[in-house]
Protein chains: 2
Amino acid sequence: MKALDDRALAHVADYFRALSEPQRLRALNALRERPRNVSELTELLGCSQANTSKHLATLARHGLVSRRSEGTVAIYEIADPRVYQLCDIVCGQLAQNFAAQARLLGHSTPARSRR
Amino acid sequence: MKALDDRALAHVADYFRALSEPQRLRALNALRERPRNVSELTELLGCSQANTSKHLATLARHGLVSRRSEGTVAIYEIADPRVYQLCDIVCGQLAQNFAAQARLLGHSTPARSRR
DNA sequence: ATACAATATTCGTATATAGCGATGCACGCA
DNA sequence: TGCGTGCATCGCTATATACGAATATTGTAT
């Protein structure tokens, strides 16, 4: 029971870690629109192709995206839509923080981050 | 707009990173029951007091827990209940994975992961 | 078979951070 | 005032990983 809990805990931690890189979040966000190949994503992320491949491999390893080959092209797409649930929850929090900070600064909160 | 997006993205990534350590998840889980002081948590986590303090500082820095002093004692408690929403979503996924694995192994799946 | 294109992997470097022991600091008490 | 307790911080080591350049791999076409 304890061992299982430890494994489960490690699993959850790893899952969150997969979401803890801005580039990977950027990739997930780009895939929100439609499936994309590595070249496309490389351009969108603005980093090396090697790095893009590695980030995608990380996301795939954790089941967040799936990979499919079409000729020499590798097409990635979202495999687990719950990712967006997670992000939305965190973003809602972010919006609240921004609002709080804006209040502290005396700004009129610009109606941003409206989901 | 791009700069703001980058900041927001980094923020979200940092938030997930705060959740990407088993010990911190353990601490959050312990705080689910009730507020606790550092000594208590140190014992529950089974690590050094220094390490516990650092993990708690990380969680507090990201607004997940709050700190309050009572004499020489520091009491931490959950500041952001949405953490549990996040964990439940990931755990639901875990359960599904387990179920899928069990199915592959020919086990009768315990009717879980219903969402 | 050869050449080319798209992707994956390897290698090296730089940075972050988990972990511990030792130390610092603030508070309450004798 | 001096002491002990509880927590935070520092110094350090070990490990993980983001990143780019170079190289390997895979698939396609000629």
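The basis for the numbers below is simple: all heavy atoms, side chains too, and nothing from hydrogens, waters or symmetry mates. Lettering follows sequence order; numbering is per chain, from 1.
Of the candidates D:dG6, D:dC19, D:dA21, D:dA21 carries the atom nearest the A:Ala50 side chain, counting heavy atoms from C-beta on. Taking only side-chain atoms of B:Arg67, from C-beta outward, the nucleotide of C:dT7, C:dG19, D:dC7 with the closest atom is D:dC7. Candidate nucleotides C:dA18, D:dA8, D:dA18 were compared by shortest atom distance to the side chain of B:Val38, and D:dA8 ranks first. Side chain of B:Thr72, nearest nucleotide from D:dA18, D:dG27, D:dT5: D:dT5.
A 4.5 Å side-chain heavy-atom check between A:Ser20 and B:Tyr15 finds every atom pair outside the cut-off.
One can place CG of B:Leu56 at 10 Å from P of D:dC7, the figure rounded to the nearest angstrom. Taking atom CD of B:Gln23 as the reference point, atom P of C:dA18 lies 10 Å away to the nearest angstrom. Taking atom CG on B:Leu45 and atom C1' on C:dA18, their separation rounds to 13 Å, with Å as the unit. Spacing between atom CG of A:Leu19 and atom P of D:dT17 amounts to 14 Å, rounded to whole angstrom units. One can place CZ of A:Arg26 at 14 Å from C1' of D:dC19, the figure rounded to the nearest angstrom. One atom, CD1 of A:Ile75, and another, C1' of C:dA5, lie 15 Å apart when rounded to the nearest Å. Put simply, NE2 on A:His55 is 8 Å from C1' on D:dC19, counting in whole angstrom units. Per the geometry, CG belonging to B:Asn37 stands 15 Å off C1' belonging to C:dC27, to the nearest Å.
Between A:Arg17 and D:dA16 there is no side-chain polar atom (N or O) within less than 4.0 angstrom of OP1 or OP2. Here B:Asn51 reaches the OP1 or OP2 of C:dC20: one of its side-chain N or O atoms lies under 4.0 Å away. Regarding contacts with the backbone of C:dA8, a side-chain N or O of A:Tyr76 is found under 4.0 angstrom from either OP1 or OP2.
Positionally, the nearest nucleotide of DNA chain C for A:Glu40 lies more toward the 5' end than for the other of B:Gly71 and A:Glu40. Along DNA chain D, the nucleotide nearest A:Lys54 and the nucleotide nearest A:Glu70 are compared for position; the residue whose nucleotide lies closer to the 5' end is A:Lys54.
Within the nucleic acid shown, B:Ser53 comes within 4.0 Å of at least one base atom, counting heavy atoms only. Residue contacts shown for B:Ala74 are limited to sugar-phosphate atoms, with no base heavy atom under 4.0 Å away. When heavy atoms are screened at a 4.0 angstrom cut-off, A:Ser48 is found touching base atoms of the nucleic acid. Base contact: A:Gln49 has a heavy atom under 4.0 Å from a base atom.
A:Leu45 and A:Ile75 sit in two unconnected hydrophobic clusters of ILVMFWY residues. Membership requires side-chain heavy atoms under 4.5 Å apart, directly or through other members. By the rule that hydrophobic residues join a cluster once side-chain heavy atoms approach within less than 4.5 Å of another member, A:Leu86 and A:Tyr84 end up as members of one cluster.
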What do the steps show when you test B:Gln23 against B:Arg26 for side-chain hydrogen bond (donor to acceptor under 3.5 Å, both in side chains), and what is the final call?
-> CA-CA 5 Å; B:Gln23 289 287 53; B:Arg26 240 186 288 274; 2.8 Å; yes
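A distance-only check finds a donor-acceptor pair linking the side chain of A:Glu40 to the backbone of A:Asn37 [under 3.5 Å].
Around CD of A:Glu77, the count of heavy atoms belonging to other residues, nucleotides or ligands within 6.0 Å exceeds 12.
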